[in-house]
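Written out below as structure tokens is the structure these notes cover.
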Number of protein chains: 2
Amino acid sequence: MKLTSKGRYAVMALADLARFNNINPVSLRDISLRQGISLDYLEQIFFKLRKKEIVQSVRGNQGGYVLNKKAKEIKLTNIFDAVDEKVKTVQCKKESKKSCNGKSTKCLTHNLWDELENHINDFFEKKSLEDLIKDNSERRI
Amino acid sequence: MKLTSKGRYAVMALADLARFNNINPVSLRDISLRQGISLDYLEQIFFKLRKKEIVQSVRGNQGGYVLNKKAKEIKLTNIFDAVDEKVKTVQCKKESKKSCNGKSTKCLTHNLWDELENHINDFFEKKSLEDLIKDNSERRI
DNA sequence: TATAAACCCGACTAAAATAGTCAAGTATCT
DNA sequence: AGATACTTGACTATTTTAGTCGGGTTTATA
């Protein structure tokens, strides 16, 4: 299971983007300043987000990024997936099925990890970017 | 968020222990062989489990470990806690509340991580060791 | 057309975490 | 007495993380 800064930054940056997503693209420089994330690191992250078509880039002066879909349609799963944050608790597929299939207690816990994985993925599957910014503006201001 | 081999090993080892928990204590050597976990590493893990009173040790020849409570009463939370696997998605408490409390979008995602944390902890809070071995024996054999 | 803003992309790296190993014990059963 | 098994601390190789660095290319605008 991984869930590290990269994933968090990606979500933070996209939430920021969703908020300031007007006519004009949002530059990474602005996001970097607002969210306190290194510009260079943001570039790495957005490179991946672009490849997965979550954002679109606008090159040149006054350029930046825009969301490629509606905030409602961007689920957290998509984001984590894009930046390679795999919610993977155990890689049982590698260990050939012979050594696993019901053999003693070794695999006793595998169902658990599967279950957990589904549980977490469900959570991420249901949450969209829109939920994030909506939740937040409801609670404050 | 961390959820690594140490946590998995701890759960596997305890599930093994719960299964073979008869009158006699179970030696780490046996668990090591059955689960394919290095004996030295198991010792480290059980040192922690003992300190948190999840297991009891029986020293000397024919010694080993026994569960210190009923399998039903040992929740996964307790296990992860004992081996320092913290389900912590973000440490927002450090960043003083001034810098966080509703200031722009920086904290926009904090509710999310809180929610996720609760979600996962809930899952672990509900699952006991007994659930594990019961689930498993139901499905096979 | 010059220039600055902004994206593009690969390579490198310090620090931390992980998953152990190693060594030298101590306790207890037979 | 001897074997088995727990106890404990220190050490370490490997991997991952969270970046940095450096050199591009593209495009708006003055």
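The chains referred to below are lettered A, B, ... by the order of the sequence lines, with proteins before strands, and numbering in each begins at 1.
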query = Which pair of non-hydrogen atoms, one from B/S27 and one from B/G63, has the smallest distance, and what is that distance?
reply =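 Looks like CB-O, 4.0 Å.
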message = Quick check: closest heavy atoms across B/D30 and B/V26, and the distance to 0.1 Å?
response =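 Where B/D30 meets B/V26 most closely, the heavy atoms are CB-CG1, 4.5 Å.
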Can you tell me the distance, in whole Å, between the [atom1] atom of [X] and the [atom2] atom of [N]?
X	N	atom1	atom2	answer
A/M12	D/dA18	CE	C1'	14 Å
A/F47	D/dT25	CZ	P	16 Å
A/L33	C/dA6	CG	C1'	13 Å
B/K48	D/dT8	NZ	P	14 Å
B/N24	D/dT4	CG	P	17 Å
A/L49	C/dC9	CG	C1'	15 Å
B/L42	C/dA19	CG	P	13 Å
A/I45	D/dT20	CD1	P	11 Å

Is there a side-chain contact between [X] and [Y], using heavy atoms and a 4.5 Å cut-off?
X	Y	answer
B/K127	B/V11	no
B/L14	B/L132	no
B/I45	B/K6	yes
A/L49	A/Y65	no
A/D16	A/R19	no

Within the structure, does a side-chain N or O atom of [X] lie under 4.0 Å from either OP1 or OP2 of [N]?
X	N	value
A/S57	C/dC8	yes
B/R50	D/dT7	yes
A/T4	D/dA18	yes

task = For A/F46, answer base if it contacts any base atom (sugar-phosphate contacts may also be present), sugar-phosphate if it contacts only those atoms, and nothing otherwise; contact means non-hydrogen atoms under 4.0 Å.
result =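 If one applies the 4.0 Å heavy-atom cut-off, A/F46 turns out to touch nothing in the nucleic acid.
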ask   = Base, sugar-phosphate alone, or nothing: which one does B/V26 contact when heavy atoms must sit under 4.0 Å apart?
value =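 Touches sugar-phosphate only.
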inquiry  = Among B/K52, B/K51, B/K48, which residue satisfies the salt bridge (Lys or Arg N to Asp or Glu O under 4.0 Å) criterion with B/D81?
reply    =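 Single pass found, and it is B/K52.
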query = For the residue pair B/Y41 and B/Y9, does the interplanar ring angle fall in the parallel (under 30°), tilted (30 to 60°) or perpendicular (over 60°) class?
reply =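 Ring orientation of B/Y41 relative to B/Y9: perpendicular.
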request  = Would you give a per-nucleotide map of nucleotides 20-30 of chain C, 5' to 3', where B means the base has a protein non-hydrogen atom under 4.0 Å away, S means only the sugar-phosphate does, and - means neither?
outcome  = BBB---BBBB-
End axis versus end axis in the helix from C/dT1-D/dA30 to C/dT30-D/dA1, the angle rounded to 10°, five pairs used at each terminus =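 Roughly 10° between the end axes, to the nearest 10°.
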